[in-house]
Amino acid sequence: MKNEKLNKQLIDLAETLLEDNKSIKFSMKGFSMYPTLKEGDTGLVEKCSVDELKKGDIIVFRLNNNLIAHRLIEIKNINSTKVFIAKGDKNSYYDKPVVANEIIGKLVSIQRNKSIININNPLMKLRKFNSIHFSGIMTPINYIQLRFVKFFEKSKKELKLIRNNLSIITEN
């Protein structure tokens with residue numbers, strides 16, 4: 001309960017900062033936007049009007065007192081209300097539709113390690129295009145790619161442990 005209240009307060013603070021034309025940075029968790037966003041990346045979010053949002057933008061919205069950064073797939077008018085439909089690049093399902101007051105802003109850049117990646121660079125534009133037009137193909141490809149990356153990271157750690165153990169054995 002305390003974490004939920006704290007999350008809500010932090011999100012309210014983030015919204016207040018964005019309303020004052022400040023930008024906010026937050027650390028990415030999870031793998032739903034892999035490979036566009038990776039766990040540990042820092043995203044720079046700026047406030048924007050919902051009228052400025054375009055299909056393919058990575059929007060940041062409030063869902064269950066968490067901030068979610070997913071790709072905008074469709075904008076619909078339902079009962080004269082604008083509804084935004086988003087999904088993660090690696091997800092096969094769409095998020096629950098959100099309305100304008102749940103949208104915090106949009107992602108403008110990503111900091112990965114020490115480099116800054118502009119959301120409008122050619123690679124990001126290609127990922128945006130693929131996610132919008134070839135979602136059915138790209139979703140399983142992104143999933144498989146993530147599995148391989150995790151497998152190789154785990155294998156690398158295990159090989160390092162084996163090497164360290166062998167060096168200890170040979171020293172003794």
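Keep in mind that the numbers below use all heavy atoms, side chains included, and drop hydrogens, waters and symmetry copies.
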### Task
Look at Arg127 together with Asp89 and state whether they make a salt bridge at an N to O cut-off of under 4.0 Å.
no
### Message
Quick one, Ile103 and Val60 - any side-chain contact, counting heavy atoms below 4.5 Å?
### Response
no
#### Entry: ring-ring contact (aromatic ring centres under 6.0 Å, His included): pairs with one or both residues in residues 29-84, sequence neighbours excluded
none
### Message
Once ring pair (Phe, Tyr, Trp, His ring centres under 6.0 Å) is applied, do any residues pair with Tyr94, and if so which ones, sequence neighbours excluded?
### Response
none
#### Entry: Criterion side chain to side chain contact (heavy atoms under 4.5 Å, CB included) on Leu159 and Arg163, from CA distance to verdict
CA-CA 6 Å; Leu159 285 173; Arg163 190 182 76 217; over 6 Å; no
## Note on the structure
Lys82 meets the side-chain hydrogen bond (donor to acceptor under 3.5 Å, both in side chains) criterion, sequence neighbours left out, with Asp51
### Message
Among Leu107, Ile110, Thr42, which residue satisfies the side chain to side chain contact (heavy atoms under 4.5 Å, CB included) criterion with Met28?
### Response
Leu107
## Note on the structure
Under a side-chain separation threshold of 4.5 Å, the hydrophobic residues clustered together with Leu44 are Val108
### Query
With sequence neighbours left out, what residues match Lys87 under side-chain hydrogen bond (donor to acceptor under 3.5 Å, both in side chains)?
Ser135, Thr139
### Query
Which one of Arg112, Lys29, Met33, Gln111 satisfies the side chain to side chain contact (heavy atoms under 4.5 Å, CB included) criterion with Asp41?
Arg112
### Message
Taking Leu67 as the starting point, is it possible to reach Val45 by hopping between hydrophobic residues whose side chains are less than 4.5 Å apart?
### Response
yes
### Query
In terms of hydrophobic clusters joined by side-chain contacts under 4.5 Å, are Val50 and Leu72 together?
yes
### Query
When clusters are formed by joining ILVMFWY residues with side-chain heavy atoms under 4.5 Å apart, either directly or through shared neighbours, do Ile75 and Leu63 land in the same one?
yes
### Query
Within a radius of less than 6.0 Å around CG of Asn113, do more than 12 heavy atoms belonging to other residues, nucleotides or ligands occur?
no
### Message
Any heavy-atom pair between the side chains of Ile58 and Thr36 that's under 4.5 Å?
### Response
yes
### Query
Restricting to pairs with a member in residues 112-145, which pass ring-ring contact (aromatic ring centres under 6.0 Å, His included), not counting sequence neighbours?
Phe129-His133, Phe129-Phe134
